[in-house]
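To find a chain, count down the sequence lines: A is the first, B the second, and so on, and within it residues start at 1. These values consider heavy atoms only, across backbone and side chains, with no hydrogens, waters or symmetry-generated copies.
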Amino acid sequence: MFDSLIAEVQNKDRQFTVYRSGEPTEIEQWLATHGVTIRSRSLPPHWPKPFIEIKANDEVVGVIGVEAIEALIEPPLVTPGERDGISEGYRVLFDILEKTMFSGMNRHDLLAISREIEDRAFRVGNGILKVSFQTFSTFKSQIELYRTLATETDLDIHIYAIEDWTPPPISGITYHANAAEQFGAYWVLAYDGGTDETQSCSLVGKERSGEFTGFWTNNSAITEEISKTLENA
Amino acid sequence: MGGSDNSINRRRHSVEDDFPPQLSDDQFYRALSSYHRRCVLSYLLEENETTVDELATVLCGWETTTTGTMQTSTDHSKIYVALVHVHLPKLVDAGLIEYEPNTGSVQINTLHPQVADIIRQSVGVRQSDDS
């Protein structure tokens, strides 16, 4: 269901190589958490600054200084919504910067990310929030939080879960039990940002033996795709 | 070109002499008159062997860290072409490197330590914007 989205992030044919004269740079660790495998090459000691080569399908698409990438990822991360006018190197880079990959995360970790998304929806106070809870009994433990979200805001909340428990009707919350079978393995949140699209964000995690693999993103186009996937199921 | 090759070969064999022969060779100074070529030599002094593709990346890297702007695939191609058609042949003529066009492999020749020092110092501070 969401496998293609997860795989797309992991398997794009792109290679990153850092050229540096000293110790590993922080950006290498950072890129690793974004699902990027990075090779390193050594530079002569008097070469002043490290830089990164970005290849896509074995072609160099960009060479950029480590400092420049660090400046890019300084929060708030602002990336152009319109991608037509920018070079391939930036396109590849933004694609990566916008998705934070994870694997081997547990429920506790995912709950923390989910809180961030729910908080954001609460602060904006409108828009559509869709959540796949795997089962309604999982939703049970979060029900007071979602009651607050639904009653104190104008949020339109949709809950997807397998019906192993009957949740109480709450104004502002729509339950989708029928389609949920196929989402059983996924922990998903997608918030469209309501009146403030810059606040859109989403999380997709796939469970295997209690551990989750997936990504989260602030990108509105990806968030919309996730939202549509839930809707069309 | 044959004549100058011979003289360079003779000089290369006298690396142990006190006076580095390259220092009295005009070709050597012509080779070093370009900033990009000095960067190539400086990189090769550390790596010994590389490819044209990697050299183009390394020169792009120098450019991007100086200007702060990402070097695009077009920039990379331009430098690649300049390396193949201008810079590498000049360095070969000066007897400083070996270049194998079929494989793109580039190797540095054994250089007198004093010559190597001059090359290292020549990229330490950027003197001009020639390339």
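Side-chain N/O atoms of A/E28 and A/T25 include a donor and acceptor closer than 3.5 Å. A donor-acceptor pair shorter than 3.5 Å can be found between the side chains of A/S42 and B/E47.
A/R41 and A/E53 are not joined by a salt bridge, as no carboxylate oxygen comes within less than 4.0 angstrom of a charged side-chain nitrogen. Between B/R120 and B/D117, at least one side-chain nitrogen of the basic residue sits less than 4.0 Å from a carboxylate oxygen of the acidic one, meeting the salt-bridge criterion. By the 4.0 Å N-to-carboxylate-O rule, A/R115 lies close enough to A/E118 to be salt-bridged with it.
A 6.0 Å sphere centred on CZ of A/R39 holds no more than 12 heavy atoms belonging to other residues, nucleotides or ligands. Annotation for A/E207: atom CD counts as buried by contact number, over 12 foreign heavy atoms lying within 6.0 Å.
B/E46 touches chain A through its side chain: at least one heavy atom from C-beta onward sits under 4.5 Å away, while N, CA, C and O do not. There is no contact between A/I69 and chain B, counting heavy-atom distances below 4.5 Å. For A/I54, the part lying near chain B is the side chain, with the backbone staying farther off; criterion is any non-hydrogen pair under 4.5 Å.
Under the 3.5 Å distance criterion, the side-chain polar atoms of B/T64 are left unmatched by any main-chain donor or acceptor of B/C60. No side-chain donor-acceptor contact under 3.5 Å links A/R208 to the backbone of A/A185.
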Subject >> CA sep, side-chain torsions, deciding dist, call: A/D58, A/Q15, side-chain contact (heavy atoms from CB on, under 4.5 Å) >> reply: CA-CA 8 Å; A/D58 287 329; A/Q15 302 92 34; 3.7 Å; yes

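For the pair A/F102 and A/V204, the tightest heavy-atom approach, listed with the atom from each and the gap, is CZ-O, 3.6 Å.
Close approach to chain A, defined as a heavy atom under 4.5 Å from one of its heavy atoms, is seen in B/H76 of residues 74-86 of chain B, taken by number. For residues 59-66 of chain A, the interface with chain B (any heavy-atom pair closer than 4.5 Å) comprises A/V60, A/V61, A/G62, A/V63, A/I64, A/G65, sorted by residue number.
When each of B/T72, B/D53, B/V58 is scored by its heavy-atom pairs under 4.5 Å with chain A, the top score falls to B/V58.
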